[in-house]
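Let me begin by presenting the structure, written as structure tokens, before commenting on it.
So that the names make sense, note that chain A is the first sequence line, chain B the second, and so on, each numbered from 1. Since we're looking at a predicted model, the values are computed, not measured. In what follows, every heavy atom counts, from backbone to side chain, and hydrogens, waters and symmetry copies are set aside.
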Protein chains: 2
Amino acid sequence: MQSEAEFLAGYDPRDYPSVAVTVDVVALTIRDDRLCVLLVERAEQPFAGSRALPGGFVRDETLDAAALRELSEETGVERLHLEQLKTYGDPGRDPRMRVFSVAYLAFAPSLADPTAGGDAAGAYWVPVEQAVGLAFDHDTVLADGLERARAKLEYTPLATAFAGDEFTISELRQIYAAVWGEELHAGNFHRKVLSVPGFVEGTGRTASRASERGGPKPKLYRAGDARLLHPALLRPAREDDFR
Amino acid sequence: MQSEAEFLAGYDPRDYPSVAVTVDVVALTIRDDRLCVLLVERAEQPFAGSRALPGGFVRDETLDAAALRELSEETGVERLHLEQLKTYGDPGRDPRMRVFSVAYLAFAPSLADPTAGGDAAGAYWVPVEQAVGLAFDHDTVLADGLERARAKLEYTPLATAFAGDEFTISELRQIYAAVWGEELHAGNFHRKVLSVPGFVEGTGRTASRASERGGPKPKLYRAGDARLLHPALLRPAREDDFR
DNA sequence: CTAATAGTGTCTATTAGACACTATTAT
DNA sequence: ATAATAGTGTCTAATAGACACTATTAG
């Protein structure tokens, strides 16, 4: 039998049909209490002029690094949660060649408007309900990312990744409301968040100002050390989700 | 600006460095009340002679189809649950070239011993705790697959994918016990399963024989139409999982 | 007979959620 | 003053889990 070294010496990668691998990022943030996704306007073919998720070819780097790089090219990265979502590889999803796209999901605190960069003519945050008709199969990718985000808020403390370093319980509640698209009972939410060990920890400080329409000055919290919420913070059950 | 048609005519895929995409499958089943994973012994370089997850290069097909095909080559596929797990693409994870592996997770009912096929010298079911020292980064892939499987049993009815068409509540309980590695209280489990709408439905029939050590003849059930378990069937909480 | 299992009853502690209430602050 | 908010109290229904109990069957 051939040794591994002999095998590698005789191996020519060009014997195989050419494929490409890209990363695409579903980057989410909350702006004005609305869940928004980062879109770019494509300057290059294919789909020039269409809106798409930010992304690009993977270089000599890990997939995580590629996703972070593509995101950095569009927006100043601060604290950021980044996780792999799913890989899309149907033949024909890109007209150029066989392209596999590894999609990532990112949660970002509210940021300044992004700066266009790389091959994008422009980049901007768009409320998710207005993000339709995207290039490639990005409508599907976005839908999968939103479903993952909604589920993750239930059993992980990732909602804090949408907030700044310090936040109030009300701000956290508005994040949940924006992602889930449902109002949450303020009193019950407050008690629930504080009852989950490690979700948030008090800073001992208080906001310098109350909300625009009055009320006491709320206490400030920061993210705790829990990686999972136990018990979970379940979204209101809807019968038709189960069958 | 170039039209999309002009762009495609001048586009040569060979201008880009060559990469390959494979699928690897974490196929799980229950044998003798133990959770087992399907492994192959590699006949070809690299890692010839090592054990690995079954898998291979993606052809002109969807990723799902590739995973199903690779699995069929090793074992007779029956009812089977198949879902995408995660993509692994660190530079250097394959000594030949840049290889991205899209991992899949499969749940199968107990099957006959698999037949070796394709580039595998042999294929067999191995208890998961004995599946260590695998080729490539497959130890990591397996660990990720196991964690996903354990989590999915909590909030989906996928445990039924490990059972035959008809099964008893005790068989279902032993599936949970094997995947989670914990004994479950028989009485409470029984009541819980029947209380979740759509998890299982009665067949009206009864097993022809009781268990080996006596007891009443159990009723037979089949999988119901629920896609999610509500309320979920949570595994016993362990403090250190949360921080 | 003996021992194990299938399935049910009951009790307790925990939790989700509805509702109510007080104190505080912006306008 | 008015209205909205932060935070807490209380009650009810649902649930998880501990424990107990009966009936049934293999050996």
Side-chain angles (χ1 to χ4, degrees), chain A residues 33 153-155 163 166-177 180 182-197 199-221 228-239 242, chain B residues 33 153-155 163 166-177 180 182-197 199-221 228-239 242:
Chain A
D33 290 341
L153 256 55
E154 291 194 312
Y155 58 93
E166 297 193 339
F167 50 85
T168 68
I169 303 293
S170 283
E171 284 167 3
L172 196 59
R173 174 167 46 83
Q174 281 155 17
I175 289 167
Y176 272 91
W180 285 350
E182 312 200 43
E183 289 308 309
L184 298 172
H185 186 286
N188 290 339
F189 181 88
H190 193 107
R191 188 157 3 113
K192 171 69 184 177
V193 167
L194 295 185
S195 77
V196 176
F199 190 1
V200 299
E201 59 184 26
T203 61
R205 308 197 314 115
T206 295
S208 56
R209 230 189 86 86
S211 90
E212 298 173 353
R213 290 183 291 226
K217 292 175 185 167
K219 294 181 189 167
L220 289 170
Y221 296 84
L228 294 173
L229 302 185
H230 183 81
L233 212 161
L234 300 176
R235 38 187 164 167
R238 293 224 316 249
E239 279 305 318
F242 304 136
Chain B
D33 290 342
L153 256 56
E154 292 194 310
Y155 58 94
E166 296 193 339
F167 51 84
T168 68
I169 303 293
S170 283
E171 285 167 3
L172 195 59
R173 174 167 46 83
Q174 282 155 18
I175 289 167
Y176 273 91
W180 285 349
E182 312 201 42
E183 290 308 310
L184 297 172
H185 186 287
N188 289 339
F189 181 87
H190 193 106
R191 192 163 0 132
K192 171 70 183 176
V193 167
L194 296 185
S195 76
V196 176
F199 190 0
V200 300
E201 60 184 26
T203 62
R205 307 197 315 114
T206 295
S208 55
R209 230 191 86 85
S211 92
E212 297 171 354
R213 291 183 291 226
K217 292 174 183 165
K219 293 181 189 167
L220 288 170
Y221 297 84
L228 293 173
L229 303 185
H230 185 80
L233 212 161
L234 300 176
R235 35 184 166 165
R238 294 223 316 251
E239 279 305 318
F242 304 137

Gap between atoms [atom1] and [atom2], on [X] and [N] respectively (whole Å):
X      : N      : atom1 : atom2 : value
B:R209 : D:dA26 : CZ    : C1'   : 6 Å
A:E183 : C:dG17 : CD    : P     : 15 Å
A:L172 : D:dT5  : CG    : C1'   : 16 Å
B:E212 : C:dT5  : CD    : C1'   : 12 Å
B:L184 : D:dA18 : CG    : C1'   : 14 Å
B:N188 : D:dA14 : CG    : P     : 19 Å
A:L220 : D:dT5  : CG    : P     : 18 Å
B:H185 : C:dT12 : NE2   : P     : 17 Å

Original post:
With sugar-phosphate meaning primed atoms plus P, OP1 and OP2, does A:T168 contact a base, only sugar-phosphate, or nothing at under 4.0 Å between heavy atoms?
Top reply: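 Nothing, no nucleic acid heavy atom in range.
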**OP:** For B:S195, answer base if it contacts any base atom (sugar-phosphate contacts may also be present), sugar-phosphate if it contacts only those atoms, and nothing otherwise; contact means non-hydrogen atoms under 4.0 Å.
**Re:** nothing
With a cut-off of 3.5 Å and sequence neighbours excluded, list every side-chain donor-acceptor pair involving residues 182-189 of chain A.
| from | atom 1 | to | atom 2 | distance (Å) |
| --- | --- | --- | --- | --- |
| A:H185 | ND1 | A:G187 | N | 3.2 |
| A:H185 | ND1 | A:N188 | N | 3.0 |
| A:N188 | OD1 | A:R191 | NH2 | 3.2 |

Below the 4.0 Å mark, does [N] have OP1 or OP2 next to a side-chain nitrogen or oxygen of [X]?
X      : N      : answer
B:R173 : C:dT5  : no
A:H190 : D:dG7  : yes
B:R191 : D:dT15 : no

**OP:** Select one nucleotide: of D:dA16, C:dA26, D:dA26, the one nearest the side-chain heavy atoms of B:P231.
**Re:** D:dA16
**OP:** Measure from the side chain of A:K192, starting at C-beta and using heavy atoms only, and say which of C:dG9, D:dT24, C:dA16 lies closest.
**Re:**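 The answer is C:dA16, which lies nearest to the side chain.
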Original post:
So which heavy atom on A:F167 is nearest to which on A:L172, and how close?
Top reply: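 Looking at all heavy atoms of both residues, the shortest contact is CE1-CD2, 4.2 Å.
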Donor-acceptor pair, [X] side chain versus [Y] backbone, under 3.5 Å?
X      : Y      : value
A:Y155 : A:L233 : no
A:Y176 : A:L153 : yes
A:E171 : A:T168 : yes

Subject >> Strand partner of C:dA6, provided both Watson-Crick or wobble distances fall under 3.5 Å >> reply: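 Per the H-bond distance test, D:dT22.
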Original post:
DNA chain D: B:R213 or A:K217, which has the more 5' nearest nucleotide?
Top reply: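 Nearest nucleotide further toward 5': that of A:K217.
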Subject >> Contact nearer the 5' end of DNA chain D, comparing B:S211 with B:A232 >> reply: B:A232
